[in-house]
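This report concerns only the one structure given below.
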Amino acid sequence: MVQQDTGRFLQTAIVTISDRAYAGEREDRAGSMLIEFMAGAGFRVIAATVIPDEIDVIRATLIDLASRKTPLVLTTGGTGAGPRDVTPEATRSIIDREMPGLAEEIRRQGLAQTRYSLLSRGVAGMRERTLIVNLPGRPEGAVAAVRSILDVLPHALAVMCSPHFDHG
């Protein structure tokens with residue numbers, strides 16, 4: 001559990017990327033489970049949205065959240081090998097710097113649950129002072145993924161939000 005702090009850097013947004021959930025054909029269980037988990041871990045969820053697997057929509061959503069200075073954006077879905085799984089490409093196209101260790105740890109920990117973790121193409125990176133992390137779309141996988149990096153998120157966000165951090 002993350003130590004509770006009233007600082008802005010413990011705020012997060014959850015973005016579910018799923019054509020079926022966006023169309024109302026499927027419940028957004030991954031987003032709901034992430035909201036509950038992050039709240040229980042001491043984060044305040046300040047935004048949650050469901051969008052389709054469309055690269056331009058994903059880019060626009062991530063750029064908007066970063067422009068609003070959202071410290072942490074967690075995406076769920078669109079990281080696999082399917083033809084419409086474009087979350088990593090959208091994320092990579094708008095970040096300033098990649099943080100590969102986070103995505104590597106998510107995949108490493110995921111292997112304990114399923115060999116399919118090897119197929120994950122999720123990335124993590126920074127856009128200015130916003131950390132964006134791609135998580136799997138399966139609800140249990142999304143929570144397990146963020147749990148695997150939860151202990152380092154407060155430090156990463158504190159450094160990124162520091163007035164001494166130069167993102168340019």
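Worth saying up front: this structure is predicted, and the values here are computed from it rather than measured. Numbering starts at 1 and runs along the sequence shown.
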The test is salt bridge (Lys or Arg N to Asp or Glu O under 4.0 Å); show your working for Glu140 and Arg29 and say whether it passes.
CA-CA 9 Å; Glu140 297 80 8; Arg29 288 189 48 240; 3.1 Å; yes
Heavy-atom side-chain proximity of Phe43 to Leu157 below 4.5 angstrom: yes
For Leu118, the other hydrophobic cluster members (4.5 Å side-chain criterion, sorted by chain and number) are Leu111
For Gly31 and Thr16 the tightest heavy-atom approach is CA-OG1, 3.5 Å
Practice problem: Give the intermediate values and the outcome of salt bridge (Lys or Arg N to Asp or Glu O under 4.0 Å) for residues Glu89 and Arg121. | Solution: CA-CA 9 Å; Glu89 288 77 14; Arg121 299 177 315 105; 2.5 Å; yes
Check your understanding: Can any side-chain N or O of Ser120 pair as donor or acceptor with the backbone N or O of Ser117 at less than 3.5 Å?
Key -> no
Tested for side chain to side chain contact (heavy atoms under 4.5 Å, CB included) against Val15, the lone hit among Thr61, Ile132, Leu34, Thr76 is Thr61
> Is Ile14 linked to Met126 within one hydrophobic cluster, defined over Ile, Leu, Val, Met, Phe, Trp and Tyr using a side-chain heavy-atom separation of less than 4.5 Å?
Replying inline: yes
query: Under a 4.5 Å side-chain heavy-atom rule over Ile, Leu, Val, Met, Phe, Trp and Tyr, are Leu135 and Ile58 clustered together?
result: no
Taken to the nearest 0.5 Å, the spacing of Asp96 CG from Arg127 CZ works out to 6.5 Å
Next item on the list: Let me see the working for Arg68 and Ile46 under side chain to side chain contact (heavy atoms under 4.5 Å, CB included), right down to the final yes or no.
Entry: CA-CA 11 Å; Arg68 291 194 270 151; Ile46 59 171; over 6 Å; no
query = Between Leu62 and Val73, is any pair of side-chain heavy atoms under 4.5 Å apart?
reply = yes
For Arg59, the side-chain contact (heavy atoms from CB on, under 4.5 Å) test, sequence neighbours excluded, returns Ile55, Asp56, Ala90, Ser93, Ile94
Original post:
Taking C-beta and beyond as the side chain, do Arg84 and Glu54 meet within less than 4.5 Å on heavy atoms?
Top reply: yes
* Asked: Do the side chains of Val50 and Val86 join up, straight or via other hydrophobic residues, at under 4.5 Å, putting them in one cluster?
  -> no
Could you see if Met160 belongs to whatever hydrophobic cluster contains Leu10? Use Ile, Leu, Val, Met, Phe, Trp, Tyr and a side-chain cutoff under 4.5 Å. yes
Exercise for review: Using only heavy-atom distances, determine whether the side chains of Asn134 and Thr79 contain a donor-acceptor pair under 3.5 Å.
Suggested key: no
When rounded to the nearest 0.5 Å, the distance separating CD1 of Ile35 from CG of Asp28 is 7.0 Å
Practice item. Considering only NZ, NE, NH1 and NH2 on the basic side and carboxylate oxygens on the acidic side, decide whether Glu104 and Arg107 come within less than 4.0 Å. Key: no
Between Val152 and Leu102, is there a side-chain heavy-atom distance shorter than 4.5 Å?
yes
CD1 (Ile17) and CG (Asp85) are apart, to the nearest 0.5 Å, by 10.0 Å
* Given the rule that I, L, V, M, F, W and Y join up when any side-chain heavy atoms are under 4.5 Å apart, are Ile149 and Met99 in one cluster? -> yes
Of all heavy-atom pairs linking Asp53 and Ser18, the shortest is OD2-CA, 3.5 Å
Closest non-hydrogen atoms of Ala145 and Pro136, given as atom of the first, atom of the second and distance, are CB-CD, 3.6 Å
Notebook entry, point to check: Does a side-chain heavy-atom distance below 4.5 Å link Ile106 with Val133?
Noted result: yes
One should read off an interatomic distance between Leu153 CG and Met38 CE, to the nearest 0.5 angstrom, of 6.0 Å
Sequence neighbours excluded, the answer for side-chain contact (heavy atoms from CB on, under 4.5 Å) partners of Arg92 is Pro88, Glu98, Val123
Task: Neighbour count above 12 (heavy atom, 6.0 Å) for Arg44 CZ - done: no
**OP:** Report, as yes or no, whether the 6.0 Å neighbourhood of atom CZ on Phe37 holds more than 12 heavy atoms from other residues, nucleotides or ligands.
**Re:** yes
